[in-house]
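Take a look at the structure set out below.
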Amino acid sequence: MSPPPRLRFAPSPTGYLHVGGARTALFNWLVARREGGQMLLRIEDTDVERNRPELTDNIVEMIEWLGLRWDGDPVHQSERLDLYTAAADKLLAGGRAYWCDCTPDQVQARAKERGGPPGYDGFCRDRGLERGPTTALRFRSPDDGSTTFDDLVRGTVTFDNAKLEDFVVLRSNGTPTFLLANIVDDADMGITHVVRGEEHVNGTPKYLLIGDALGLGYRPAFAHLPVLVNEQRKKLSKRRDAVSVADFRDRGYLPEAMVNYLATLGWGPPDGVEIRPLVEISELFRLSDVTQSPAFFDVRKLQHFNAEYIRALDVGAFVERARRFFAHADATEAVLRPIASLVQERVRLLTEVEPMVDFLRLESIEGEIDDASWQKGVVKPGERAAAMLDAAVAGLSSCDWEAGAIEAALHGAARSAGFVNSEGQVQMSKAQTSVRVAVTGRMVGPPLYESLVVLGRERTLERLRAARAKL
RNA sequence: GCCCCCAUCGUCCAGUGGCCUAGGACGCCGCCCUUUCAAGGCGGUAACACGGGUUCGAAUCCCGUUGGGGGUGCCA
């Protein structure tokens, strides 16, 4: 029995949490959860220039919203700078790093001149520079040998050390770069599994080399997850793709649906049952089963998951959760309650709820009638629609005001208006259209009879008469 | 340019040498149910990139080609 694993999700507060980051957090969480381990949260905020502290709040809030609770307090790299500078000193003292005063422009210019590969050429390696206001500390990469690591997802990966340029570990402003802080922290925090995006594969040998130079004797297990891509098969980007987790929340997605869907990107349950609780997924999940190819983030499939999760809610919870999306909270809730279960199975997003019952809340739908619906549902049927409206007014004026009686009344109205087939059966499907449009303003909506019960006799008749008058 | 990686239906996932005339899910199409729309039921559409090997046998192993992606920062 191996000791419980320790994982970490290490976002950088340079952008909102997006679905790719959420998926990474999820996979970390699943492993920790399954094996009784821990998932720590580490905020990688060493770049003071790009950092936006307020984004840390967004990241933390979204992880919580998704239900991927981490263990312990979040670790902020900005509060641990001493650790990294101490490591840098050690590198320097051991001759494994040196100061360099080349500007990025100079590095690039030389590379261009050389005609060879871009990247740093080791210009300052043996210049014996002292630390200065414009010097950065570079790691002296080995000139030979190779660095190999095992990846739970991609197998054994090997890099030629000679291909690795001397990279910066300490910026001229004294702050550490990602690679240095990363391995120092992973080792210090006792991380056993480094689960992150595929974009980090190339940096892994550098990360490992720093660790070796530091004499850390640290070797975590790695799992580099395939990236999530857009329809152009490019890695999802915060700039060009609408992938902010907060936006999905605001568009009416349920966190359960979100994480469940994310779990099917790059991984699939052995029994093929995709929609299931996270705890169940965590029992089935294995990093070694993760796919190696990029996955397209398909919003339509996400919507299907969301609809399934909405339907699975009990009615009370459904209303409760839809409520935060209401512009007219109390009024909408009042008209929704009686037909909530009917609405519930008709929406894919929580944001669709209020618009679906707007006609019940509104005092009048004068001016709210959809023109295309009016043309198709009332004008086109012509005289029969007029007859139906008249008969409906008559029938609904005196019947009991409950769904069964309303149905009977409208059936009678349909018959008298001539909506009968050759066998003498009432064609309610066609007959109800004009009534529906007159009352709800649209061709589609929740079941009519139940809706009328909520609307009330007065407003129903009013709308029916108003529609009739326009013909 | 160089480094790393990937390649099964439109999309996601199964498949780890014979059970594959390739399975499930989303989408799409049709039918049924039905007061609209959904939901549900039934059926259908649709893929192993290409070329060589290895083998009695390849979607599964190897090589190449093509295509795609990731990286190549004093970002992470």
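Chain A is the first sequence line, chain B the second, and so forth, proteins listed ahead of strands; every chain is numbered from 1.
Of the possible donor and acceptor atoms, one in the side chain of A:Tyr261 sits under 3.5 Å from a partner among the backbone N and O of A:Asp298. Judged by distance alone, with hydrogens and angles left aside, the side-chain atoms of A:Asp101 form no donor-acceptor pair with the main-chain N or O of A:Thr135 at under 3.5 Å. Side chain of A:Asn58 to main chain of A:Tyr16: no donor-acceptor pair is present (N/O by atom type, distance under 3.5 Å, no hydrogens or angles). A:Asn306 places a side-chain N or O within 3.5 Å of a backbone atom of A:Gly252 that can act as its donor or acceptor partner.
Remark: A:Arg384 is positioned above the aromatic ring of A:Phe419, its terminal NZ or CZ atom under 6.0 angstrom from the ring centre and at most 45 degrees off the axis. Cation-pi contact between A:Arg196 and A:Tyr207: present, with separation from the ring centre below 6.0 Å and deviation from the ring axis of at most 45°. Annotation: cation-pi geometry not satisfied between A:Arg442 and A:Phe359 (NZ/CZ under 6.0 angstrom from ring centroid, within 45° of ring axis).
B:rA76 atom C1' lies 12 Å from atom CZ of A:Phe9, rounded to whole Å. Per the geometry, CG belonging to A:Leu26 stands 18 Å off P belonging to B:rC12, to the nearest Å. To the nearest angstrom, P of B:rA76 lies 15 Å from CG of A:Leu55. The distance between atom CG of A:Leu265 and atom P of B:rA25, rounded to the nearest whole Å, is 18 Å. Between A:Asp289 atom CG and B:rC12 atom P there is a gap of 18 Å when expressed in whole angstrom units. The CG atom of A:Leu302 sits 14 Å away from the P atom of B:rC13 (whole-angstrom rounding). The interatomic distance linking A:Asp370 (CG) with B:rU36 (C1') rounds to 14 Å, in whole Å. Rounding to whole angstrom units, CD of residue A:Gln292 and P of B:rA14 are separated by 11 Å.
For the salt bridge (charged side-chain N to carboxylate O under 4.0 Å, His left out) criterion with A:Asp166, the lone passing option out of A:Lys206, A:Arg138, A:Arg96, A:Arg125 is A:Arg125.
Nucleotides B:rU55 and B:rG68 have their P atoms positioned 34 Å apart, rounded to a whole Å. Comparing B:rA59 with B:rA22, their C1' atoms sit 8 Å apart, to the nearest whole Å. For the C1' atoms, the distance from B:rG24 to B:rG44 is 16 Å, rounded to whole Å. If you take atom C1' in B:rA25 and the same atom in B:rA46, they sit 14 Å apart, rounded to whole Å. Distance noted for atom P between B:rC26 and B:rG40: 8 Å (whole Å). Only the P atoms considered, B:rC9 is 23 Å distant from B:rG64, to the nearest whole Å. The gap from the P atom of B:rC20 to that of B:rU16 amounts to 11 Å, rounded to the nearest Å. Distance noted for atom C1' between B:rG27 and B:rG70: 29 Å (whole Å).
Listed nucleotides: B:rC4, B:rU36, B:rC74. Nearest to the side chain of A:Asn202: B:rC4. Among the nucleotides B:rA76, B:rG73, B:rU35, the one closest to the side chain of A:Arg436 is B:rU35. Proximity note for A:Leu448 (side chain, C-beta onward) versus B:rU35, B:rC74, B:rC26: the nearest is B:rU35. Taking every side-chain heavy atom of A:Phe178 into account, B:rA76 is the closest of B:rU36, B:rA76, B:rC12. When distances run from any side-chain atom of A:Glu44 to the nucleotides B:rA76, B:rC26, B:rU35, the shortest one goes to B:rA76. Which of B:rA76, B:rG69, B:rU35 sits closest to the side chain of A:Glu198 comes down to B:rG69. Closest approach to the A:Val168 side chain among B:rA14, B:rC74, B:rC12 is made by B:rC74 (side chain taken as heavy atoms from C-beta onward). When distances are taken from the side chain of A:Val157 to each of B:rC26, B:rG73, B:rC4, the shortest belongs to B:rC4. Taking only side-chain atoms of A:Ser293, from C-beta outward, the nucleotide of B:rA7, B:rA38, B:rG24 with the closest atom is B:rA7. Considering only the side chain of A:Arg300, B:rG27 comes nearest among B:rG40, B:rA38, B:rG27.
When the side-chain nitrogen and oxygen atoms of A:Ser429 are compared with OP1 and OP2 of B:rU36, one or more of them lie within a distance under 4.0 Å. Residue A:Lys430 places none of its side-chain N or O atoms closer than 4.0 Å to OP1 or OP2 of B:rU36.
Note on A:Tyr449: a base of the nucleic acid sits closer than 4.0 angstrom, heavy atoms only. Using a 4.0 Å heavy-atom cutoff across all strands shown, A:Gly266 reaches sugar-phosphate atoms only and no base atom. Here A:Thr440 lies out of heavy-atom contact (under 4.0 Å) with every strand. Among the protein residues, A:Asn230 comes within range of no part of the nucleic acid, since none of its heavy atoms lies under 4.0 Å from any strand. Contact annotation for A:Glu450: base contact, defined as any heavy-atom pair under 4.0 Å involving a base atom. Nucleic acid contact for A:Tyr261: none, since no nucleic acid atom lies under 4.0 Å from a heavy atom of the residue. Residue A:Pro269 is out of contact with every strand shown, counting any heavy-atom pair closer than 4.0 Å. Across all strands shown, A:Ser373 has no heavy atoms under 4.0 Å from either base or sugar-phosphate atoms. Residue contacts for A:Arg442: at a heavy-atom cut-off of 4.0 Å it reaches no nucleic acid atom on any strand shown. Contact annotation for A:Thr46: backbone-only contact, meaning every heavy-atom pair under 4.0 Å involves sugar-phosphate atoms and none involves a base. A:His200 comes within 4.0 angstrom of a base, heavy atoms only. Looking at heavy-atom distances under 4.0 Å, A:Arg348 makes no contact with the nucleic acid at all. Base engagement by A:Gly445 is indicated by at least one non-hydrogen atom pair under 4.0 Å involving a base atom.
Across all strands shown, the partner of B:rG23 is B:rC13, judged by Watson-Crick or G-U wobble contacts whose two distances both fall under 3.5 Å. The base-pairing partner of B:rU35, taking Watson-Crick or G-U wobble contacts with both distances under 3.5 Å, does not exist among the strands shown. When both distances must be under 3.5 Å, the Watson-Crick or G-U wobble mate of B:rA49 is B:rU65. Both distances falling under 3.5 Å, in either a Watson-Crick or a G-U wobble arrangement, occur for no nucleotide opposite B:rA58. Nucleotide B:rC28 has B:rG44 as its partner under the Watson-Crick or G-U criteria, with both atom distances under 3.5 Å. As the counterpart of B:rC2, B:rG71 is assigned, both hydrogen-bonding distances of the Watson-Crick or G-U wobble pattern falling under 3.5 Å.
Between A:Leu164 and A:Ser141 the shortest heavy-atom distance is O-CB, 3.5 Å.
Nucleotides of RNA chain B nearest to A:Asn182 and A:Thr156 differ in position, and the one nearer the 5' end is that of A:Thr156. Comparing A:Arg50 and A:Leu179 along RNA chain B, the residue whose closest nucleotide (by nearest heavy atom) sits nearer the 5' end is A:Arg50.
Counting distance only, with no hydrogens placed and no angle test, the side-chain atoms of A:Arg346 and the base atoms of B:rC37 include a donor-acceptor pair under 3.5 Å. A donor and an acceptor atom sit less than 3.5 Å apart, one in the side chain of A:Ser172 and one in the base of B:rC74. Within 3.5 Å, no donor on the side chain of A:Arg233 pairs with an acceptor on the base of B:rU11, nor the reverse.
Between A:Trp267 and A:Phe285, the angle of the ring planes lies from 30° to 60°, which puts this pair in the tilted group.
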